[in-house]
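Quick note on labels: first sequence line is chain A, next is B, and so on, each numbered from 1.
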Number of protein chains: 2
Amino acid sequence: MLEKVDLSKKLSKEEYKQKMPQLEARLGRLQRECKALEIPVMIVFEGFGAAGKGLQIGRLIQSMDPRGFEVYPIKNETEEERMHPFMWRFWTKTPARGRIAIYDGSWYRRVLIDRFEKRTKENEMPMAFHSINSFEQQLSEDGSLIIKLFLDIDKKEQKKRFDKLEKNKETAWRVSQGDRERNARYEEYADMMEEMLFATDTDYAPWTIIEATDKRFAELKIYTTVIKAMADQVEKVRGLALEAEEKKTIAGETDVVAEIARQTGNEMKDLQVSILSKADLTLSCTREEYKEKLDRLQKKIEKLHGELYRRRIPVVLGFEGWDAGGKGGAIKRLTAKMDPRGYRVNPTASPNDIEKAHHYLWRFWRAIPKDGHIAIFDRTWYGRVMVERIEGFCTEEEWKRAYREINDMEKDLYDAGAVVIKFWMHIDRDEQERRFKERQENPEKQWKITDEDWRNREKWDLYEEAVNEMLMRTSTDYAPWVVVEGNDKYYARIKVLKTVVDAIEKRIKEK
Amino acid sequence: MLEKVDLSKKLSKEEYKQKMPQLEARLGRLQRECKALEIPVMIVFEGFGAAGKGLQIGRLIQSMDPRGFEVYPIKNETEEERMHPFMWRFWTKTPARGRIAIYDGSWYRRVLIDRFEKRTKENEMPMAFHSINSFEQQLSEDGSLIIKLFLDIDKKEQKKRFDKLEKNKETAWRVSQGDRERNARYEEYADMMEEMLFATDTDYAPWTIIEATDKRFAELKIYTTVIKAMADQVEKVRGLALEAEEKKTIAGETDVVAEIARQTGNEMKDLQVSILSKADLTLSCTREEYKEKLDRLQKKIEKLHGELYRRRIPVVLGFEGWDAGGKGGAIKRLTAKMDPRGYRVNPTASPNDIEKAHHYLWRFWRAIPKDGHIAIFDRTWYGRVMVERIEGFCTEEEWKRAYREINDMEKDLYDAGAVVIKFWMHIDRDEQERRFKERQENPEKQWKITDEDWRNREKWDLYEEAVNEMLMRTSTDYAPWVVVEGNDKYYARIKVLKTVVDAIEKRIKEK
């Protein structure tokens, strides 16, 4: 989840001053609502050292009624705590109904700092993750709202902050030997973070990454995240209560909380990790370069295809992207010199009746390639979290748990030896319009464009939001997403081929 | 789950002939109902070799419409299957909505036979369990009913069956070298079975143990289990459909399926694994023996208590049992010579307001002993699956998932180094009545007996059912249940002390 985070995000002082008062008022109101509805709220602050956890907690609680929350700084275990099971100190610090508990550091220590410093042994890791998920699931099922914030800064920024703290006599003590060590081995520690995020990002207690380089931006995103989560939970709990009362109609009344949830949801969009917006769509490549590289890469793939077959390595390539994003063209160039007996392109249309009668992943499982074969999917199982989400073909609950289901499936493929890559063919709105019009005007291409394409185009913003969340939650080291800058078709095709070649060569080397 | 199974269960030919026709009719009807409601049904047969999986499947399908089910024999992987991820062949064999799939052997191979024969490596085990649970959870959340039957026979019976099969030329081929190997190392294989049952007995796909020594009994229990599960699922799906239609009232109409569910539920009780009924309540001990042993054991405990303290081993002892079962007396003898600074008895009453404002396990977590200390619970967290279940203080969903929550908690304690034992103080109804009366007549003991005790006594059958299920689902090797035969108080107290001494000595030796 971390590799695709944009740490350069900023917020101007003016914007900050303009937005915060409203958020502060909302948070105060929601605290009262949660109290009235007896919702226990747990807010977890994790992340890199010096990312500003303490500072941000201080700012968050400024809008809260101090009689309604506790802040728990989670440091090294006390003598008393060391003499109890690890989860004891957290179980005993769970909030009562209607109260808020804020954790500065948390039970994640065990799979982060404790692991880094080898206090948690590697063979204890599966059970540690099991305990954590069991803890969160139990509390969530018992009605607790769990908000998990991960404050992210990069190695350089972290070092800068440590240096600054150390220079000042008053703050020097705050930088420990361990902090320096984790900065020196930042990448290694980040890998542990990444593994932790993967293992514990659940539908009942999802992580939100807070880009923490700019403090104002971080504060705004934390407030927004917390407010949205609380407002949603209030709505949910009320909904259940209403259902129990045989759905009393409260029509007509404007509900303040529903309005807060809606409004904050909109504001949230601007703060989301935007992976797509980072793509540099000016990237391009000349026709000569293209021809030369294409030829070389296609020959390479031809050779590697035989190698894969001999070594029995299966390959799964998924293609998603904007309509007219160039999926078809890329697949065509990719397969041009492949042995047709060794690969298969699976176009994914709306499910037919037999497919509808099964779990949504069933039809993709059926098309999983055997060892040594390549399966290319033109549109994929990610339809669940894009079109099905946006068109309401599945419930919110269903698409929210799909991230984990999909991650699990891809992990199964990887564990069985497969190379798994997903491509997002990315173009901007103008480029799409240009291509749509070209298709309409060219009789040879008219079949490629339908009214539905134009209708989908109107939902660009909704899709962008869904795609960003999808890229964030399902790009893993065993099955990464590759965003292909596609305004220039030549550049895009070469990038796809090159990515596939590199991944196969890497896997062959590993074997 | 296996250690407490009674494999001597039998069914007479007469009873069999009398009961089966009705069950067969019910099953046929439910198959049609499931088809109409588009419920996919998966029935898994697992268990020891020669336990009769094939035979029982043959009998089960006799009552089904052959157009509505498939039977999948899961043997060694074919060449084709070996070239795909392990779960591929199971994903592609999931039933369509409204159909039934029966698996003779299943995805559990991977953690049973394949593990035994070292095709699954030990470091692959956590991921294998993860894949299995993810598979079942996804299908269950998608609406599938998953019924898992575990056919159990003992080592001797298995050997006898193999011998018989081998003697006959026509069937000799059915006994493989692997079968013989698994029989020779029966205990080792049974341990793997036990670990598998623990890791995969979930609220969405629970296991049912089928005592398979007697074929008629096994058949009856399989039919009953399948019918009950299908009837419950039909009722659930209909309920959801009705809710969607704003709860149309169907009052007045007698619902056949509801009647089947109720009736089968009652019949099921006789077939449940009854752990309590196996307890030999005639066990007793003379006063002299008692005094001598008590003295010796108490001295031992005094010594061990110091040893525990020095070695920093925590001990958690839970006491449950029938009212007047002798919990208090046993605890008194147990602690008589302990250093009062090193142990604590926690009486568990109805939760107070603060406790009610938290997760039900919170108050027990707070009382977890520190290293080197002993915590004794007079009534425990098991209230969730006994009194709360029976009195409706929590929902069915809540007590069903409590088995796993409790197992997880006890595993956390064990992993932190604790000795964990749970005692069920067992007496029969007559003995309880005798003790109640004695309490009423003795002015010194009158405080011990209330009207509520008499009321609870009327619910003996409900409790017995709940206790049997609790013992079954939560007796683990790391936190076993010990049923204490309590009609004779002397015998019971000695057994408790002896069990505690043995467990502590064992743990000290391991350290």
Side-chain angles (χ1 to χ4, degrees), chain A residues 38 40 80 82-88 90-92 94-99 123-124 126-127 130-131 134-135 137-139 141-144 243 246-247 312 314 354 356-362 364-366 368-373 397-398 401 404-405 408-409 411-413 415-418, chain B residues 38 40 80 82-88 90-92 94-99 123-124 126-127 130-131 134-135 137-139 141-144 243 246-247 312 314 354 356-362 364-366 368-373 397-398 401 404-405 408-409 411-413 415-418:
Chain A
E38 304 205 322
E80 181 77 8
R82 233 195 322 278
M83 292 180 76
H84 281 92
F86 180 81
M87 292 307 282
W88 174 77
F90 303 108
W91 265 102
T92 52
T94 53
R97 303 196 197 290
R99 296 188 61 82
N123 64 7
E124 292 172 337
M127 194 58 207
H130 180 88
S131 292
S134 173
F135 174 68
Q137 186 173 2
Q138 287 188 43
L139 292 166
E141 288 180 336
D142 194 48
S144 291
E243 251 177 56
E246 301 277 344
K247 288 194 181 160
R312 301 204 155 195
I354 295 168
K356 270 187 206 147
H358 286 89
H359 189 280
Y360 75 97
L361 288 176
W362 176 78
F364 301 106
W365 270 100
R366 280 164 53 100
I368 290 306
K370 43 179 180 177
D371 293 350
H373 290 245
E397 213 173 75
E398 283 173 334
R401 69 172 184 249
R404 169 142 298 271
E405 294 169 345
D408 279 348
M409 178 178 83
K411 183 73 162 57
D412 273 346
L413 303 184
D415 284 343
Chain B
E38 302 205 324
E80 181 77 8
R82 232 195 323 277
M83 292 180 75
H84 281 91
F86 180 80
M87 292 307 283
W88 174 76
F90 303 108
W91 266 103
T92 53
T94 53
R97 303 197 195 289
R99 296 187 62 82
N123 65 6
E124 292 172 336
M127 193 59 207
H130 180 88
S131 291
S134 173
F135 174 67
Q137 185 172 3
Q138 288 189 42
L139 291 167
E141 288 180 337
D142 193 49
S144 291
E243 250 177 55
E246 302 276 342
K247 288 193 184 163
R312 302 205 154 192
I354 295 166
K356 270 188 205 147
H358 286 89
H359 190 279
Y360 75 99
L361 288 176
W362 176 77
F364 301 105
W365 270 100
R366 280 162 55 99
I368 289 308
K370 42 180 180 176
D371 292 350
H373 289 245
E397 213 175 75
E398 283 172 334
R401 68 172 185 250
R404 168 142 298 272
E405 293 168 346
D408 279 348
M409 179 179 80
K411 183 73 161 58
D412 274 346
L413 303 183
D415 285 342

Legend entry - Max heavy-atom pair count under 4.5 Å with chain A, selected residue of B/Glu38, B/Lys356, B/Arg312, B/Gln137: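 Top count of heavy-atom pairs under 4.5 Å with chain A: B/Arg312.
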Legend entry - Greatest number of heavy atom pairs closer than 4.5 Å to chain A - which of B/Glu141, B/Met87, B/Met409, B/Arg366: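 Of B/Glu141, B/Met87, B/Met409, B/Arg366, B/Glu141 has the most heavy-atom pairs under 4.5 Å with chain A.
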Of all of [options], which one pairs up most often with chain B through heavy atoms under 4.5 Å apart?
options                                : answer
A/Ser144, A/Ala418, A/Pro369, A/Gly143 : A/Pro369
A/Lys370, A/Glu398, A/Arg404, A/Glu124 : A/Lys370
A/Ser131, A/Ala357, A/Ala416, A/Pro126 : A/Ala357

Legend entry - A/Asn123 portion near chain B, given a 4.5 angstrom heavy-atom threshold: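 Neither part; nothing is under 4.5 Å.
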Inset, instruction - Let me know if A/Pro314 has heavy atoms under 4.5 Å from chain B in its side chain, its backbone, both or neither. - result: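 For A/Pro314, no heavy atom lies under 4.5 Å from chain B.
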Legend entry - Flag, side chain of B/Thr92 to backbone of B/Trp88, donor-acceptor distance under 3.5 Å: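 Yes: the side chain of B/Thr92 pairs with the backbone of B/Trp88.
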Inset, instruction - Report the residues that fulfil salt bridge (Lys or Arg N to Asp or Glu O under 4.0 Å) with A/Arg82, sequence neighbours left out, ordered by chain and then residue number. - result: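 Residues passing salt bridge (Lys or Arg N to Asp or Glu O under 4.0 Å) with A/Arg82: A/Glu79.
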Legend entry - With sequence neighbours excluded, residues passing side chain to side chain contact (heavy atoms under 4.5 Å, CB included) with A/Arg99: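 Once residues adjacent in sequence are excluded, the partners of A/Arg99 under the side chain to side chain contact (heavy atoms under 4.5 Å, CB included) criterion are A/Glu70, A/Pro95, A/Ala96.
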Legend entry - Atom pair NE2/CG of A/His84 and B/Leu413 - distance to nearest 0.5 Å: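 The NE2 atom of A/His84 sits 10.5 Å away from the CG atom of B/Leu413.
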Inset, instruction - Quick one: sort the B/Trp91 and B/Phe135 rings into parallel, tilted or perpendicular, breaks at 30° and 60°. - result: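 Plane angle over 60°, so perpendicular.
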Inset, instruction - Return the orientation label for the A/Phe90 and A/Phe86 ring planes: parallel under 30°, perpendicular over 60°, tilted otherwise. - result: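 Because their plane-to-plane angle lies in the 30° to 60° range, the rings of A/Phe90 and A/Phe86 count as tilted.
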